There are 2 protein chains.
Amino acid sequence: MAAFTSKDVARIAGVSQSTVSYVMTGKRPISEPTRRRVLDAMAQLTYEPHSGARALAGRRTQVVGLVVRFGVGGETFGLLPFIETIASSARAHDHDVLLVTADEGSAGLRRLAGRALCDAIIMMDIEEQDERVPVAAALSVPVVLIGVPADPAGLHCVDLDFEAAARMAVDELADTGHDEIVVVGYTAAAMERGLNFVVRVLRSVREHGQVRGLPLTVIEPVERGREAIAKVADQLLARRTGGRLGVVVPHSDTIVPLLNALRKRDVVPGRDISLIGLSTDREAEQSDPPYTNVSGEPRDVSRRAMETLFWLLDPTSGVERPAIDLVAPRLTRRTTVMPTPSN
Amino acid sequence: MAAFTSKDVARIAGVSQSTVSYVMTGKRPISEPTRRRVLDAMAQLTYEPHSGARALAGRRTQVVGLVVRFGVGGETFGLLPFIETIASSARAHDHDVLLVTADEGSAGLRRLAGRALCDAIIMMDIEEQDERVPVAAALSVPVVLIGVPADPAGLHCVDLDFEAAARMAVDELADTGHDEIVVVGYTAAAMERGLNFVVRVLRSVREHGQVRGLPLTVIEPVERGREAIAKVADQLLARRTGGRLGVVVPHSDTIVPLLNALRKRDVVPGRDISLIGLSTDREAEQSDPPYTNVSGEPRDVSRRAMETLFWLLDPTSGVERPAIDLVAPRLTRRTTVMPTPSN
DNA sequence: CGAGTTCGTCGATACGCATCGACGACGCGC
DNA sequence: GCGCGTCGTCGATGCGTATCGACGAACTCG
């Protein structure tokens with residue numbers, strides 16, 4: 001691996017270095033015989049262009065910056081599918097992915113753009129009030145947000161439509177004849193952090209509960225751990241005063257423990273109580289029992305984000321993208337919602 | 001963000017461009033007043049060096065390539081802690097992380113090295129026979145493997161000491177007076193893929209079971225999903241013919257479902273049967289019930305891998321690193337192993 | 001007090017590629 | 001048969017940084 005240069009390729013192919021470059025970029029016509037000689041020479045040397053030189057001369061890096069937040073306590077809301085989708089989408093466009101953690105805050109963003117480390121940035125886990133958003137908006141490279149802050153500052157956002165998801169859950173419970181709804185919130189830390197989607201779901205469920213005329217309670221905050229979940233289960237049972245109680249659990253990490261806690265109390269979801277979770281279909285299917293859920297596939301969201309990103313990099317390459325792109329959720333009925341009473 | 005250059009900094013500071021460079025690298029002495037003027041100018045312009053130019057001239061990128069395998073079916077063995085640790089360790093050394101997925105195979109490696117995209121590579125999820133290992137060994141940049149292939153080809157490897165972990169589990173069961181051991185294997189796909197650690201654990205448990213004179217059965221393959229786990233539970237109960245049965249579960253994904261299945265059958269781990277899992281402590285603690293486990297913290301492994309990597313990048317910077325670096329596991333007793341009978 | 005050092009700075013160059021302007025070889029129309 | 005546009009290629013230049021050799025100044029030591 002002696003690290004060949006385009007000059008080496010040129011020499012072997014018997015052409016000038018610039019011709020080699022034009023073969024690669026296609027920015028000028030090259031005759032078929034010449035092109036072939038050049039390609040052969042490249043193959044023979046297993047030539048790879050030096051990315052640094054390319055970035056310097058061509059002012060583009062073929063790298064996408066990805067800013068992720070690793071949960072402090074390991075609470076990483078299914079981060080992996082996002083990352084995976086972004087990585088493979090980037091590769092499909094001949095780009096690579098540079099990973100930056102969110103705990104660098106705005107400094108990471110400035111580094112990415114200032115050092116010309118990447119051509120564009122995807123930033124995940126956007127908070128309602130996110131100090132990084134204005135910084136990102138001022139960068140010299142396009143930025144796509146996964147998550148919708150209070151003020152996107154002109155940046156493109158992609159996210160699951162949590163408001164719609166909340167409405168769908170409420171509608172499903174209302175349509176199947178429930179007469180009360182309880183929403184299980186999330187940890188105080190998450191709520192405080194302005195963790196976007198939990199807040200939005202709670203708000204939307206509240207509103208839509210009113211629209212459908214269903215009394216609605218929110219249990220919050222709900223910490224992690226057996227005891228906390230057990231307490232929630234008890235609260236649910238206390239509320240279940242003979243009526244048809246529907247529970248909405250916006251956070252997938254809470255669902256399985258809650259199902260276990262209910263089972264321990266001999267309460268069967270789908271018979272004695274109803275439960276709808278917000279989670280990926282995969283989690284909902286593999287649970288025991290499989291629960292009815294409203295899903296947003298991380299893959300859909302990040303795929304759309306990447307489409308937007310590459311459109312920003314080359315606006316001629318497709319149709320205009322919406323500034324705020326909300327992915328529609330989907331309700332899948334499984335076993336945890338009581339059927340409508342037949343009388 | 002007009003993208004300033006070191007020349008701009010030099011002009012403002014009233015020095016030459018090379019002086020600015022020497023201030024940054026510290027490779028030549030600079031007087032204190034000059035240094036200060038230069039640093040002030042940098043701060044004033046919020047100057048950031050162009051990474052491409054730096055890579056070109058300085059032949060180093062300050063980037064670490066990370067090759068990960070996203071599980072085909074989402075079976076990503078706690079990948080995130082590895083990635084997180086690697087990312088933060090890289091940042092601590094003023095490096096960034098370029099993420100490459102394993103499905104590019106060796107091509108990804110060649111690209112990383114050939115295009116000078118990074119200074120060193122960490123490759124995870126190494127298989128027993130891994131076609132990428134010889135390729136990696138021939139690269140122009142140092143490579144550290146997380147996982148130990150049959151032939152490391154001279155590369156440095158870091159991994160949990162699975163053999164030791166298996167022995168510890170067997171010892172614990174033997175020491176607490178069990179008279180039979182069952183090992184729950186993993187999916188056929190994983191085994192076939194040569195998924196390193198499962199294979200090694202099975203082998204080591206077998207061997208050490210013999211040493212300790214305990215009859216030992218391996219249940220394999222074990223697929224995912226409720227039914228498969230249920231079948232395993234039934235098999236375990238069938239074997240439990242009055243004796244003291246100890247179960248070793250090498251894969252953390254299998255443990256919780258198995259605990260659930262046992263509970264459903266009114267078998268209480270720690271009273272009627274013993275179970276030791278291989279998993280992170282976090283998983284073991286948060287399970288219901290918390291199970292006795294032998295842990296290897298992903299963070300320990302990836303931290304050591306990064307230490308080795310930076311040592312390879314600068315061998316003068318610390319003590320020599322072992323070619324094969326196995327992290328010692330730790331047994332933590334919780335609730336799922338029956339205590340030694342007191343008679 | 002002169003020869004040899006070390007210190008601090010500068011100018012020039014190379015790194016590997018993309019791109020621009022130039023230019024010869026053609027093909028076309030009249 | 002001559003001007004003109006197009007095609008295909010080349011040489012030269014610039015991108016922003018690191019580094020090397022040089023050089024004056026200050027300092028050391030005999």
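In what follows, chains carry the letters A, B, and so on, assigned in the order in which the sequence lines appear, proteins first and then strands, with residues in each chain numbered from 1. This is a predicted model, so every value here is computed, not measured.
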Nucleotide nearest S6(B) when distance is taken to its side chain, options dA18(C), dG16(C), dT17(D): dT17(D)
Rounded distance (Å) that lies between atom P of dG14(D) and atom CG of L56(A): 13 Å
Pairs flagged by salt bridge (charged side-chain N to carboxylate O under 4.0 Å, His left out) wherever residues 40-49 of chain A is involved - sequence neighbours left out: E48(A)-R115(B)
Distance (rounded to the nearest 0.5 Å) between M123(A) CE and D130(A) CG: 6.0 Å
Nearest-nucleotide pick for T34(B), side chain only, options being dG16(D), dT9(C), dC17(C): dT9(C)
S16(A) vs dC10(D): side-chain N/O to OP1/OP2 distance below 4.0 Å: yes
Pair D103(B) + R91(A): basic N to acidic O under 4.0 Å: no
side-chain N/O T19(B) vs dC10(C) OP1/OP2, d < 4.0 Å: yes
N or O in side chain of K27(A) less than 4.0 angstrom from dA18(C) OP1/OP2: no
Touch class at under 4.0 angstrom, heavy-atom based, for S21(A) against every strand present: base
Rounded distance in Å - CZ (R60(A)) to P (dT19(C)): 6 Å
Among I121(B), V67(B), V63(B), L66(B), side chain to side chain contact (heavy atoms under 4.5 Å, CB included) partner for L98(B): V63(B)
Distance, rounded to the nearest Å, where R54(A) contributes CZ and dC15(C) contributes C1': 16 Å
Separation of atom CZ in R59(A) from atom P in dG14(D), rounded to whole Å: 13 Å
Annotated protein contacts, base or backbone, on nucleotides 20-28 of chain C with a non-hydrogen cut-off under 4.0 Å, one of B, S, - each: BBB------
Heavy-atom donor-acceptor pair, S88(A) side chain to T85(A) backbone, under 3.5 Å: yes
R299(A)/E84(A) ion pair, N-O < 4.0 Å: yes
Sugar-phosphate, base or nothing in reach of V20(B), heavy atoms under 4.0 Å: nothing
Separation of dG16(C) C1' from M24(A) CE (nearest whole Å): 11 Å
Donor + acceptor pair across side chains of T19(B), S16(B) (<3.5 Å): yes
First encountered from the 5' end of DNA chain C, between S31(B) and Q17(B): S31(B)
Whole-Å gap separating P (dC15(D)) and NE2 (H50(B)): 11 Å
For atom CD of Q62(A) and atom P of dC17(C), their distance in whole Å: 14 Å
CZ-OG1 distance between R11(A) and T5(A), expressed to the nearest 0.5 angstrom: 8.0 Å
N/O (side chain, R35(A)) to phosphate O (OP1/OP2, dC7(D)) under 4.0 Å: no
Length of the CZ-C1' vector between R36(A) and dG8(D), whole Å: 17 Å
Contact nearer the 5' end of DNA chain C, comparing G58(B) with G14(B): G14(B)
